[in-house]
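Just so it is clear, the model here is predicted, and its values are computed rather than measured.
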Amino acid sequence: IVTGTVQRLAGDTMFINLGKTEGILSVNEQVPGEQYKINDRLKVFIMDVKKTTKGPQVFLSRSHPGLVKRLFELEIPEINEGIILVYSVAREAGTRTKIAVYSENPNVDAVGSCIGERGSRINRIIDELNGEKIDIVPYDNDEARFIENALSPAKNLHIFVTDEKKKEALVVVDQDNLSLAIGKKGLNVRLAARLTHFKLDVKTYEEAKELGISIVD
């Protein structure tokens, strides 16, 4: 992650002054809704560097999940020091990110440390991402519990890992939590699936019953 200045615009492509070199921020790597002008400063993620006859070409991104990971490393000393570890990041740039964190030290509150006192740490990251929502999810070795955490804010979930090898799981949810689990336009379940690396099939109690699965609370 580096800080650069918008130097020039060519159509939808932005050229960012990084000091000793210039980086390319293509339209595909920009965040929908973000607007920048010449001389604006912004943090960017270096995706790739290619050698050309004119020297190195630096390809940048504002939408890459790696940008969020690096921002967490910058803002949260415990991540930088390896006390808190980032398991995975799932992002739909400009809308929402889910990041799974944990610590091997049982006395460390990984989620609380990332949020900071009164949200001080997480708010700095949200500001840098222009208000993008961030869910900090506690990673868990127990796959079913991790999936349940990832589907927050939905509650009262019943998780069945149906295929360990293919990484498939069934999520049974009551009617009250169905829309929360799936999210607007499927965003919540989509991000949870990417975060956990599981294919998630969300069913209501009634649908599960039709499949022969009865849930006892």
Side-chain angles (χ1 to χ4, degrees), residues 1-81 84-101 114-116 118-137 150 153 182-197:
I1 193 169
V2 289
T3 302
T5 309
V6 180
Q7 189 160 294
R8 58 195 175 94
L9 307 169
D12 290 327
T13 302
M14 290 198 286
F15 291 87
I16 311 297
N17 182 350
L18 302 173
K20 291 181 180 177
T21 187
E22 186 179 69
I24 300 163
L25 184 61
S26 71
V27 66
N28 295 337
E29 296 302 327
Q30 294 170 28
V31 175
E34 282 192 351
Q35 301 283 326
Y36 293 104
K37 305 184 294 295
I38 303 294
N39 294 329
D40 279 355
R41 284 172 66 78
L42 68 161
K43 284 191 172 76
V44 283
F45 181 74
I46 297 174
M47 285 196 310
D48 199 6
V49 180
K50 288 180 180 165
K51 285 182 180 176
T52 68
T53 49
K54 295 176 182 176
Q57 264 199 331
V58 183
F59 294 92
L60 307 172
S61 179
R62 280 280 299 171
S63 61
H64 197 284
L67 178 72
V68 179
K69 188 172 185 237
R70 294 285 176 258
L71 286 172
F72 269 77
E73 286 170 4
L74 282 175
E75 288 294 342
I76 293 135
E78 292 91 336
I79 291 179
N80 203 20
E81 292 160 17
I84 292 172
L85 303 165
V86 174
Y87 176 78
S88 57
V89 181
R91 185 179 186 207
E92 295 222 349
T95 308
R96 194 173 200 159
T97 286
K98 284 182 186 276
I99 181 167
V101 296
C114 291
I115 293 168
R118 294 181 185 169
S120 56
R121 289 173 167 184
I122 191 66
N123 286 339
R124 284 196 290 271
I125 297 168
I126 290 168
D127 288 346
E128 178 57 45
L129 297 173
N130 292 314
E132 187 170 310
K133 289 186 176 71
I134 299 176
D135 297 343
I136 305 171
V137 173
I182 293 169
K184 196 176 179 183
K185 295 180 180 174
L187 179 65
N188 198 55
V189 71
R190 200 159 57 242
L191 287 176
R194 274 188 232 153
L195 194 74
T196 58
H197 312 305

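Side-chain atoms of Asn123 come within 3.5 Å of backbone atoms of Gly119 as a donor-acceptor pair (strictly under, hydrogens ignored). When atom types are taken as modelled, the side chain of Gln30 and the backbone of Asp12 share a donor-acceptor pair closer than 3.5 angstrom. The backbone N or O of Ile84 lies less than 3.5 Å from no partner atom in the side chain of Glu78, so there is not a single donor-acceptor pair. Judged by distance alone, with hydrogens and angles left aside, the side-chain atoms of Arg41 form no donor-acceptor pair with the main-chain N or O of Val6 at under 3.5 Å. Listed for the Thr196 side chain is a donor-acceptor partner under 3.5 Å among the backbone atoms of Ala192. Between the side chain of Lys98 and the backbone N or O of Val89 there is no donor-acceptor pair closer than 3.5 Å.
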Candidate pair Glu75 and Arg121, rule salt bridge (Lys or Arg N to Asp or Glu O under 4.0 Å), full reasoning: CA-CA 6 Å; Glu75 288 294 342; Arg121 289 173 167 184; over 6 Å; no
Going through the checks in order, is the salt bridge (Lys or Arg N to Asp or Glu O under 4.0 Å) test met by Glu92 and Arg194? CA-CA 11 Å; Glu92 295 222 349; Arg194 274 188 232 153; 2.8 Å; yes
Quick one, Glu73 with Asn80, criterion side chain to side chain donor-acceptor pair (under 3.5 Å). Give me CA distance, side-chain angles, the key distance, then yes/no. CA-CA 5 Å; Glu73 286 170 4; Asn80 203 20; over 6 Å; no
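Nearest heavy atom pair, residue Ser61 against residue Glu29, reads OG-OE1, 2.6 Å. Across all non-hydrogen atoms, the minimal contact from Arg62 to Leu25 is N-CD1, 3.8 Å. Minimum interatomic distance between Val49 and Pro56 (heavy atoms only, all atoms of both residues): CG1-CB, 3.9 Å.
Between the CG atom in Leu129 and the CD1 atom in Ile134 there is a gap of 5.0 Å [rounded to 0.5 Å].
Counting heavy atoms from C-beta on, the side chains of Ile46 and Val44 never come closer than 4.5 Å. Within the 4.5 Å cutoff, the side chain of Arg91 has heavy atoms near those of the Leu67 side chain. Residues Thr13 and Leu9 are not in side-chain contact: their nearest non-hydrogen atoms beyond the backbone lie 4.5 Å or more apart. With a 4.5 Å cut-off on side-chain heavy atoms, Leu187 and Thr95 count as touching. Counting heavy atoms from C-beta outward, Ile76 and Ile125 have side chains that approach closer than 4.5 Å. The shortest distance between side-chain heavy atoms of Ile122 and Ile126 falls below 4.5 Å. When side chains are defined from C-beta on, Thr3 does not count as touching Leu42, because their heavy atoms never get closer than 4.5 Å.
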